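Read the structure below first, then the notes.
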Amino acid sequence: MQNTEVGKSYLDGLNDIQRMAVTTINGPVMVIAGPGSGKTRVLTFRIAHLLKSGVPPYQILALTFTNKAAREMKDRIETVAGGDAYKVWAGTFHSIFARILRVEAHKIGYPNDFSIYDTDDSKSVIKEIIKSLSLDPKVYNVGAIRSRISSAKSNLITPKMYPGNEELMEQDKMNRRPMTFKIYEKYVAKCKRAGAMDFDDLLLQMFRLLYQNPENVRAKYQAQFKYLMVDEFQDTNFLQYEILKLFVIYDGSEQNVCIVGDDAQSIYSFRGATIENILQFESDFPEVKTYKLEQNYRSTSYIVKAANEVITYNEKQIKKEIWTDKEEGHKIKIIKGMTDGEEGKMVADSIIEHKNRHSLANKDIAILYRTNAQSRVFEEHLRRSNIAYKIYGGLSFYQRKEIKDMVAYMRLATNYKDDEALKRVINYPKRGIGATTITKLTDLANDNEVSMWQCLNQIELKPRAKQSVGKFISIVKASQEKAQTMDAYQTALFIAKRSGIVDGFKAENNIEAQNRLENINALLDGIQEFVEDDVLDEGEDINKQERTLTNFLQTISLMTDQDKDVDNVDTVTLLSVHAAKGLEYKAVFVVGMEENLFPSYMSLAAPDQLDEERRLFYVAITRAEEFLTLSYANSRYQYGQMRFNDPSRFLEEISDDNIEASISITKKPQFGTPKILGKFKPIGSASKQKALTIDPKDFKPNDKSEIKVGQTVLHMNFGHGEVLSIDARKVATIRFPNLHENAEKRIMLDYARLQIVEEN
DNA sequence: GTAGTCACTATTTGA
DNA sequence: TAGTGACTAC
């Protein structure tokens, strides 16, 4: 195809290197894209360019890591290319593969309606296995085993191969978990029996599907996907790369594959991502053309310089230096607090200052931290300063109990073998099926190596239990029938009623039940929307598959809370550095810049991991467009006790030229100062401060006997609240206006620490 | 079978 | 500290 035939206007906005990366569409291409270098632009324009060059959209496969990135890409392609751009196969690895597996799964022995097990489901399965093998659950830590299994899968090590791998076996022995291989074996068998795939399976089974079916499957998809693109390639693991190769490397392949990534932003090695893939790519595709995008369009020069300085401390890296032609801008600010509380206050104050002085909106501002647990202090001070904020991370909608319960019923309706779903709701709402019955059931299922559902009719039970089980069976059967005859919304509505979940909440009739009910309604609304989307037709996304219940379940299980629609409320954003990747803000606060925290203490021993922390810091600072503030505290509460940390080594890696002069870093820790925190604080100053902030040292809880109805009290976490009632068991209902609208909490006076602020 | 209590433990990131 | 899971008492 000649460029001249193609409308050129969209290429005009690109710099030379970007344009090369966009227009080199034949053969393998590698784009190393520094932060803010227009990576997404290149990807989308490249796809647009393919389309305009006459490539049919369904021949293009673009893989990303997050739904958000995929959606953004799709939206932008449509703007640039229009037409049937939505037919491009763009999505996350997991969602694209799930989509293919829905069609092909039966060829590798799974039902096409397979369930998708989330992390909780996997853990629950593993837990049961550990128990059944009579292993000590303290030694055999569920989380550790799960990640062990996950990484085995990601490296294509099957349960059969595992015991033969000396390195793995040796590691397990050292960790006193020599039976890990056995758990792995049972885990895989159990998931298979349940007709379920976990997240890793979506990749692994995709690989198996292609690998084992060279003629009738692999060839088909090789022929279909003529142009492949992978975003954030540095985050791919071994398995993902192997799948990519199955798509691209074969006799007669044109090898039109383009990977985009930045080794300096590789921050997911803990979950199996390996930079090796980038190096490997160069040797697997010797013809590769490499383009380095080094011009940064995002940040002002002090920030760019600081980023470059920091990253040079890492030894392993693809040589590159980002640069900008933007003005120098503002130097980087460093804030130091005595305590984490003070750090929070200072950051909140600084945010106000930024807003006033530089007329920034809330949404221009983000607070980035290493661990989600750090968000609390900042929430508190933002709330006190009346700054609207939102937090990424934490419990997402689909992780709420009532939602998971509903989803479990829906899963059973589409895949009766789904043991995890069955266990979740067999006695929910309570219908008198107790531990004894469930144990019998699991034992029988395990002994016969079938799903629990298949045993339901066969276990011998006392009449009462039998009746209860019968009730459950009839609910599920009825739901299954509905699922086959009605649409997803009708089915869900039916389940909500027939299961008794809705009635249960209605009967409870308190605020919490009310909330849960609302959540269920929100879920139902969501399903309805999902169903009706179909009617709109000429839709936008490729996930416009049939609007079945199965597909709805798939969509939500692959969704994360970062996929929540970003509503247009003007709020400050609080999020972990990991979650911030790919985002940008005018003003960024990177907080908790302390040794043992950032870098995390888990990383200090291993140089590799320390490098990853540094890349993480690199990602953090390059999120900032104009203002970058780094903060730390001399002491902070961690795990319920006061800890003292040195300022982060990363702070010293930025040269003074780029840092605002007024504050210099205390290089030596000052252990002496905060030792006797709060003990001798004059009483007068306490009341003055308390309206703005709760410092632990100003918090003087009253005895539970003094708490009375009508008082205004102060709670360390929830702030001010009004005591509405106290019942006989000394449980107080307190309304905390600061939490969210009319949030009422039931607080046990025996345990809570409350300070009386006003008598009434 | 359930609710309530107690003790323990985990402390990183997330699809 | 807070969240969870096991245990105990009804």
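In this text, all values refer to a predicted model and were calculated from it rather than measured experimentally. Chain identifiers are assigned alphabetically (A, B, ...) following the order of the sequence lines, protein sequences preceding nucleic acid strands; residue numbering begins at 1 within each chain.
Between A/N67 atom CG and B/dA15 atom P the separation is 9 Å, expressed in whole Å. Here B/dA15 presents its C1' atom at 15 Å from CD1 of A/I96, a figure rounded to the nearest Å. If you take CG of A/L204 and P of B/dA15, they are 20 Å apart, rounded to a whole angstrom. Distance, A/Y268 OH to B/dT13 C1': 7 Å, rounded to whole Å. Per the geometry, OH belonging to A/Y140 stands 21 Å off C1' belonging to C/dG5, to the nearest Å. Here C/dG3 presents its P atom at 15 Å from NZ of A/K123, a figure rounded to the nearest Å. Distance A/K153 NZ to B/dA15 C1': 14 Å, rounded to the nearest Å. A straight line from CG of A/N141 to P of C/dG5 spans 12 Å, rounded to a whole angstrom.
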Could you list the donor-acceptor pairs under 3.5 angstrom formed between side-chain atoms of residues 124-133 of chain A and any protein atom two or more places apart in sequence or on another chain?
unit_1	atom_1	unit_2	atom_2	d
A/S124	OG	A/E420	OE1	2.4
A/E128	OE1	A/K423	NZ	2.3
A/E128	OE2	A/K190	NZ	3.3
A/S132	OG	A/I129	O	2.9

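Listed by chain and number, the residues in a ring-ring contact (aromatic ring centres under 6.0 Å, His included) with A/F65 are A/F93 (sequence neighbours excluded). With sequence neighbours left out, the ring-ring contact (aromatic ring centres under 6.0 Å, His included) criterion links A/F233 to A/Y241, A/F281. Residues satisfying the ring-ring contact (aromatic ring centres under 6.0 Å, His included) test with A/F650, not counting sequence neighbours, are A/F598, A/F617. For A/Y601, the ring-ring contact (aromatic ring centres under 6.0 Å, His included) criterion is met by no residue, not counting sequence neighbours.
Side-chain proximity of A/R271 to B/dA15, B/dT13, C/dG5: nearest is B/dA15. Here B/dT12 is the nucleotide among B/dT2, C/dA2, B/dT12 with the atom lying nearest to any side-chain atom of A/E613.
Residue A/D118 is out of contact with every strand shown, counting any heavy-atom pair closer than 4.0 Å. Within 4.0 Å of A/T119, counting heavy atoms only, lies at least one base atom of the nucleic acid. No engagement by A/R636 is indicated, since no non-hydrogen atom pair under 4.0 Å with the nucleic acid exists. Using a 4.0 Å heavy-atom distance criterion, A/F65 is classed as a sugar-phosphate-only contact.
Across the interface with DNA chain B, nearest-nucleotide mapping of A/R370 and A/S150 shows A/R370 to be the residue nearer the 5′ end.
Heavy atoms of other residues, nucleotides or ligands lying less than 6.0 angstrom from NZ of A/K404 number more than 12.
For the C1' atoms, the distance from C/dG5 to B/dT12 is 23 Å, rounded to whole Å.
Listed by residue number, A/Y601, A/M602 are the residues of residues 590-604 of chain A with a heavy-atom contact under 4.0 Å to DNA chain B.
Residue ring and base: A/F270 counts as stacked with B/dT13 (centre distance below 5.5 Å, interplanar angle below 30°).
OP1 or OP2 of B/dT2 has at least one side-chain nitrogen or oxygen of A/N427 nearer than 4.0 Å.
Geometrically, A/K581 does not engage A/Y268 in a cation-pi contact, judged by NZ or CZ lying under 6.0 Å from the ring centre and within 45° of the ring axis.
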